Number of protein chains: 2
Amino acid sequence: MTSDAGLACCTPLATGAAMSAAQAEQVAPLLKALADSVRLRLVSLIAASPSGEACVCDLNDAFDLTQATISHHLKVLHSAGLLDRDKRGVWVYYAVRPAALAAVANLFDTAALAPA
Amino acid sequence: MTSDAGLACCTPLATGAAMSAAQAEQVAPLLKALADSVRLRLVSLIAASPSGEACVCDLNDAFDLTQATISHHLKVLHSAGLLDRDKRGVWVYYAVRPAALAAVANLFDTAALAPA
DNA sequence: CCGAGACATCGACAAACGTCGATGCGTACC
DNA sequence: GGTACGCATCGACGTTTGTCGATGTCTCGG
């Protein structure tokens, strides 16, 4: 139950009609996974990486946190479907899943162009 | 400490350089406020309202939750700077603060156009 | 086969969160 | 003034969350 297939489409926040309770409960976990400064930086670090992916060992050095804590945060992001996990030899590489971020972006996209 | 003045600009998730720890800690509260299905629906309901605002009494009817709980959620959204509060007579009207939503949208905007 | 290193998992703990019932505070109407 | 109503606040509760140290699992090199 780790990867989410149908996380796509969702009514943007202000598209004329309010979003349904079911849709809210579908998107909320994505936001919940991102609603943490550490996880936000993790995603940012991975997304900003030239290769589009980052090794856990590198991510670990970017924080003053235990390896266990970073691993936990990565697990949360992976479980939410935001990160892809790829084990190569001894190292594990995480990459952002563009579709997931796009789903979230879609939420706020239309909302931004509210009345001035 | 309820309204936030400098919630604007923030490095989008994948703009080439990773976001700083300070920026992450600035944006995370906004996401945290939105990372709840009830609050997401509240914002959606208010944003989708024709007048751009909604009375608490109406919002209250849209959920199977106590009035105290809805009031609490509205307080969280208001404290995060996402909602404006306007008391008119006996009723209180909440309206979305476009700038706050735009700040969040900005985060994911550039991120969506990651490598294919 | 054995040791070392890279991550994940486990168990624990304090802090934060979502929800509720009860109560307080304004406002309007009789 | 009294009463009814809309909303906020308070106190309490069970649950979830972020963090840690310790331990487990896998992989590679000797």
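In what follows, chains are A, B, ... by sequence order, proteins preceding strands, each numbered from 1. Keep in mind it's a predicted model, so treat the numbers as computed, not measured.
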Quiz prompt | D86(A) CG - dA8(C) P separation (whole Å) | solution = 12 Å

Quiz item: Between R41(A) (side chain) and A62(A) (backbone), is there a donor-acceptor pair under 3.5 Å?
Solution: yes

Quiz item: Taking the six-membered ring for Trp, are F108(A) and F108(B) parallel (under 30°), tilted (30 to 60°) or perpendicular (over 60°)?
Solution: parallel

Quiz item: Under 4.0 Å between a side-chain N/O of K75(A) and OP1 or OP2 of dT9(C), yes or no?
Solution: yes

Quiz item: Is there a donor N/O on one and an acceptor N/O on the other, under 3.5 Å, for the side chain of Q67(B) and the base of dA8(D)?
Solution: yes

Quiz item: Does Y93(B) have a side-chain nitrogen or oxygen under 4.0 Å from the phosphate oxygens OP1 or OP2 of dC7(D)?
Solution: no

Practice problem: Report yes if at least one side-chain N or O of H73(A) is closer than 4.0 Å to OP1 or OP2 of dT17(D); otherwise report no. | Solution: no

Practice problem: Please work out if D36(A) contacts a base, only the sugar-phosphate, or nothing of the nucleic acid, heavy-atom cut-off 4.0 Å. | Solution: sugar-phosphate

Quiz item: Same cluster or not: are L82(A) and V76(A) linked, directly or through other Ile, Leu, Val, Met, Phe, Trp or Tyr residues, by side-chain heavy atoms under 4.5 angstrom apart?
Solution: no

Practice problem: Respond yes when some side-chain nitrogen or oxygen of T69(B) is under 4.0 Å from OP1 or OP2 of dT19(C), and no when none is. | Solution: no

Practice problem: May I ask you to evaluate whether R39(B) reaches the phosphate of dG18(C), defined as a side-chain N or O under 4.0 Å from OP1 or OP2? | Solution: yes

Practice problem: Whole angstrom is fine here: how far is it from CG in N60(A) over to P in dG5(C)? | Solution: 15 Å

Quiz item: Between S71(A) and dT9(C), is there a side-chain N or O to OP1/OP2 distance below 4.0 Å?
Solution: no

Quiz item: Under 4.0 Å between a side-chain N/O of Y94(B) and OP1 or OP2 of dG6(D), yes or no?
Solution: no

Practice problem: Find the distance W91(B):CH2 to dA8(D):P and express it as a whole number of Å. | Solution: 14 Å

Quiz item: Atom CG of L34(B) to atom P of dG18(C): distance rounded to whole Å?
Solution: 12 Å

Exercise. Identify which nucleotide among dC7(C), dT27(D), dC7(D) has an atom closest to any side-chain atom of V90(A), counting heavy atoms from C-beta outward.
Key: dT27(D)

Exercise. Send over the distance from L42(A) CG to dT19(D) C1', rounded to a whole Å.
Key: 14 Å

Quiz item: Counting any heavy atom closer than 4.0 Å, what does L65(A) reach on the DNA or RNA strands: base, sugar-phosphate only, or nothing?
Solution: sugar-phosphate

Self-check item: Length of the NE2-C1' vector between H72(A) and dC7(C), whole Å
Solution: 15 Å

Quiz item: Nearest nucleotide by nearest heavy atom, which residue falls closer to the 5' end of DNA chain D, G89(A) or A68(A)?
Solution: A68(A)

Quiz prompt | Residue that, paired with Y94(B), satisfies side chain to side chain contact (heavy atoms under 4.5 Å, CB included) out of L42(B), I46(B), L45(B) | solution = I46(B)

Quiz item: Counting only side-chain N and O atoms of R85(A), is one of them less than 4.0 Å from OP1 or OP2 of dC7(C)?
Solution: no

Quiz item: What are the two closest heavy atoms between A100(B) and G81(B), and how far apart are they?
Solution: CB-O, 3.3 Å

Quiz item: Tell me: NZ of K87(A) to P of dA6(C), nearest whole Å?
Solution: 13 Å

Quiz item: How close or far is atom C1' of dA16(C) from atom NZ of K32(B), stated in whole angstroms?
Solution: 9 Å

